[in-house]
Amino acid sequence: SLMFLLMLFTLLLTLTVIVHFVFLKRMAIIFETKWPQSIELVTIIFCLFIAHVVEIFIYAVVYYFAYDIPGMGGPQAVGFEQWINTLYFSFVGYSSLGAGELTVVSWPLKILYGLEAINGLLLIAWSACIFITGNEQNTCFCSIRRYSCLTEMLSINKIEALNDKT
C-alpha cells in the first residue's frame, strides 16, 4: 500500500508539474503582445490562478474516487461523497490551510493530503518566483520569455558580491 501511495504521488507530482510548466510556457505569448505592463501582470496572475485550480482539480479527482482505488481506504468523512466537498478538501490541502471540518481516516489519504500540501507550496512558490523575478527587472519582465534574464541577474549579483569583497 505504501509503494502504491508513492507511485500515485509520483504520478500526481509529475502531472501537476507538467500542467504548471505548460501553463507557464503558454503564458509566454502574453509577452509578445504590446499590452501595457499592468494588463500583462493581471493576465499573468489570472493564468497562474487557473493553473493552480487545474492542479487542485487533479488531486480532487483522486480523493473523489479514492473508494475505488485499492489500498486507499476511501475518505470516510461526512460529505465526501459530494464533489464540492472533495474539491474544497483539495483546495485547502493544496494551499496548506488545512480542512479541520473534513477529515479522512485512512492513513494513505492522510499522507497524500500532506504531500499535496507540499506539492502546492512548491508550485505556488514557483509561480511567485516567476512573478517576482519578472517584476524586479524592467528590461526582463518575466523569466518565462527570457530564460537568460535570471542568469543575467545571478551573474550581476555574483559580480557585485565579488566587487564588495575586494
Side-chain angles (χ1 to χ4, degrees), residues 1-31 38-136 141-145 147 149-150 153-154:
S1 185
L2 181 59
M3 184 60 90
F4 176 76
L5 179 64
L6 292 175
M7 290 187 323
L8 177 63
F9 176 67
T10 302
L11 174 71
L12 291 169
L13 178 66
T14 303
L15 188 57
T16 56
V17 167
I18 289 170
V19 165
H20 207 75
F21 181 76
V22 168
F23 265 85
L24 292 175
K25 289 289 282 182
R26 297 286 183 232
M27 283 172 33
I29 197 166
I30 294 168
F31 307 111
S38 59
I39 301 289
E40 286 181 355
L41 287 172
V42 170
T43 306
I44 288 168
I45 290 171
F46 181 77
C47 290
L48 289 173
F49 182 80
I50 297 298
H52 290 292
V53 169
V54 169
E55 294 151 10
I56 289 165
F57 183 84
I58 290 168
Y59 276 93
V61 168
V62 172
Y63 294 133
Y64 189 73
F65 290 106
Y67 288 113
D68 300 325
I69 300 173
M72 293 299 282
Q76 294 146 359
V78 177
F80 254 68
E81 63 280 350
Q82 296 175 348
W83 170 249
I84 194 69
N85 288 340
T86 308
L87 187 59
Y88 169 75
F89 187 74
S90 187
F91 264 101
V92 295
Y94 184 91
S95 62
S96 301
L97 290 174
E101 68 279 8
L102 294 175
T103 59
V104 292
V105 291
S106 88
W107 69 264
L109 286 178
K110 286 179 180 180
I111 292 173
L112 185 62
Y113 184 69
L115 292 172
E116 179 185 10
I118 294 169
N119 186 193
L121 280 173
L122 290 172
L123 294 176
I124 291 168
W126 187 7
S127 296
C129 181
I130 292 294
F131 187 76
I132 291 169
T133 300
N135 246 353
E136 287 179 351
F141 177 69
C142 186
S143 59
I144 298 168
R145 179 171 71 180
Y147 291 104
C149 173
L150 187 56
M153 286 174 22
L154 292 173

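Just so it is clear, the structure is predicted and the values come from calculations on it, not from any experiment. Below, each value reflects all heavy atoms present in this structure, side chains not excepted, and no hydrogens, waters or symmetry copies.
Note that CG of Leu24 and OG of Ser127 are 6.0 Å apart. Values are rounded to the nearest 0.5 Å. From Glu40, atom CD reaches atom CE of Met27 across 10.5 Å, with rounding to the nearest 0.5 Å. Atom-to-atom distance recorded for Glu116:CD and Leu121:CG is 10.5 Å, nearest 0.5 angstrom. Put simply, SG on Cys47 and CD1 on Ile29 are 10.5 Å apart, with the number rounded to the nearest 0.5 Å. In this structure, Ile84 CD1 and Tyr88 OH are separated by 11.0 Å, a value rounded to the nearest 0.5 Å. Going from atom OG of Ser96 over to atom CD1 of Ile124 covers 6.5 Å, rounded to the nearest 0.5 Å.
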Return a table of donor-acceptor pairs under 3.5 angstrom between the side chains of residues 12-19 and protein atoms on other chains or two or more places apart.
from, atom 1, to, atom 2, distance (Å)
Thr14, OG1, Thr10, O, 2.7
Thr16, OG1, Leu12, O, 3.0
Thr16, OG1, Leu13, O, 3.0
Thr16, OG1, Asn119, OD1, 2.9
Thr16, OG1, Asn119, ND2, 3.4

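A pairwise comparison of heavy atoms in Tyr113 and Val92 identifies OH-CG2, 3.5 Å as the closest pair.
Remark: Tyr94 engages His52, Glu55 in a side chain to side chain donor-acceptor pair (under 3.5 Å) (not counting sequence neighbours). In this view, Ile111 and Leu5, Trp107, Leu115 satisfy the side-chain contact (heavy atoms from CB on, under 4.5 Å) rule, not counting sequence neighbours. With sequence neighbours excluded, the residues forming a ring pair (Phe, Tyr, Trp, His ring centres under 6.0 Å) with Phe57 are Trp83, listed by chain and number. For Ile39, the side-chain contact (heavy atoms from CB on, under 4.5 Å) criterion is met by Trp35, Pro36, Thr43, not counting sequence neighbours. With sequence neighbours left out, Ser95 forms a side-chain contact (heavy atoms from CB on, under 4.5 Å) with Leu97.
Looking at Ser90, its side chain does come within 3.5 Å of a backbone N or O of Ile56 through a donor-acceptor pair.
A tilted orientation is assigned to the rings of Tyr59 and Phe9, their planes being inclined by 30° to 60°.
The closest side-chain heavy-atom distance from Lys25 to Val22 is not below 4.5 Å. Side-chain contact check for Leu48 versus Phe23: every heavy-atom pair is 4.5 Å or farther apart.
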Might you work through the side-chain contact (heavy atoms from CB on, under 4.5 Å) test for Phe65 and Thr86, ending with a clear yes or no? CA-CA 10 Å; Phe65 290 106; Thr86 308; over 6 Å; no
Chi angles and distances behind the side-chain contact (heavy atoms from CB on, under 4.5 Å) call for Trp126, Leu122: CA-CA 6 Å; Trp126 187 7; Leu122 290 172; over 6 Å; no
